[in-house]
Amino acid sequence: MTEQAVTDKLREQIEQLVEVATGKVVTVADLRAADGDLDRAGVNSIGYINLMEALEQRFGAVIDPEADPQYLLSVDSIAAFVRTLA
């Protein structure tokens, strides 16, 4: 699998986690329309909490929103953070 294919697969997994974490209030289509930006896509505070829990369960990724808020800006920033754990 190429590096780009791995990145694309990770992005898709994160998009799906966002959709589930928000109770499908924010869909994959919403995320893509917002270029992966979580705020612009409409993720609310509960969605962020659910997403952080999902990221920890799925990838072992613990993101502290106060210490490292830059990792919760977009699908790409989350993917970059998750990749540092590998």
Side-chain angles (χ1 to χ4, degrees):
M1 192 176 263
T2 68
E3 187 74 20
Q4 186 60 49
V6 170
T7 299
D8 290 346
K9 183 173 174 61
L10 180 57
R11 286 188 89 247
E12 288 173 9
Q13 291 174 353
I14 293 167
E15 288 171 339
Q16 290 169 358
L17 284 177
V18 171
E19 187 173 73
V20 170
T22 62
K24 296 191 178 186
V25 170
V26 175
T27 65
V28 170
D30 295 331
L31 284 167
R32 291 181 180 171
D35 293 324
D37 184 286
L38 301 180
D39 277 340
R40 283 200 335 248
V43 177
N44 64 21
S45 58
I46 301 229
Y48 277 106
I49 291 168
N50 291 339
L51 177 59
M52 288 185 293
E53 289 175 7
L55 291 167
E56 184 173 358
Q57 290 175 359
R58 176 73 175 87
F59 301 110
V62 177
I63 299 175
D64 181 342
E66 291 184 23
D68 300 309
Q70 72 275 16
Y71 296 125
L72 288 172
L73 297 176
S74 67
V75 171
D76 287 334
S77 65
I78 294 169
F81 179 75
V82 169
R83 290 190 63 118
T84 66
L85 303 174

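Both backbone and side-chain heavy atoms feed into the values below; hydrogens, waters and symmetry mates do not.
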Got a donor-acceptor contact below 3.5 angstrom from the [X] side chain to the [Y] backbone?
X	Y	result
Ser77	Tyr71	yes
Glu15	Val28	no
Asp35	Asp37	no
Asp30	Thr27	yes

### Query
Among the clusters formed by ILVMFWY side chains lying less than 4.5 Å apart, do Val6 and Leu85 turn up in the same one?
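No, Val6 does not connect to Leu85 through the hydrophobic network.
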Mind checking the [atom1]-[atom2] spacing from [X] to [Y]? Nearest 0.5 Å is all I need.
X	Y	atom1	atom2	result
Gln13	Asp8	CD	CG	11.5 Å
Leu51	Ile46	CG	CD1	13.5 Å
Glu53	Glu56	CD	CD	8.0 Å
Asn50	Leu17	CG	CG	11.0 Å
Leu38	Ile14	CG	CD1	9.5 Å

### Task
For Val26 and Leu31, run side-chain contact (heavy atoms from CB on, under 4.5 Å): C-alpha distance rounded to whole Å, both residues' side-chain angles, the deciding distance at 0.1 Å, then the answer.
CA-CA 7 Å; Val26 175; Leu31 284 167; 4.0 Å; yes
### Query
What is the minimum heavy-atom distance between Ala34 and Ala41, and which atoms define it?
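Residues Ala34 and Ala41, closest heavy atoms: CB-N, 3.7 Å.
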#### Entry: For Pro65 against Pro69, the heavy-atom pair lying closest together
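Minimum heavy-atom separation between Pro65 and Pro69: O-CB, 3.2 Å.
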### Task
Any pair with a residue in residues 70-86 that passes salt bridge (Lys or Arg N to Asp or Glu O under 4.0 Å), sequence neighbours left out, goes on the list, sorted by first then second residue, please.
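Residue pairs passing salt bridge (Lys or Arg N to Asp or Glu O under 4.0 Å), neighbours aside: Glu3-Arg83, Arg11-Asp76.
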### Query
Within a reach of under 6.0 Å around CD1 of Ile49, are more than 12 heavy atoms found that belong to other residues, nucleotides or ligands?
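Yes, CD1 of Ile49 has more than 12 neighbouring heavy atoms, counting only those of other groups under 6.0 Å.
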#### Entry: Criterion side chain to side chain contact (heavy atoms under 4.5 Å, CB included) against Ile78, the qualifying member of Leu55, Leu73, Leu10
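Option passing the side chain to side chain contact (heavy atoms under 4.5 Å, CB included) with Ile78: Leu55.
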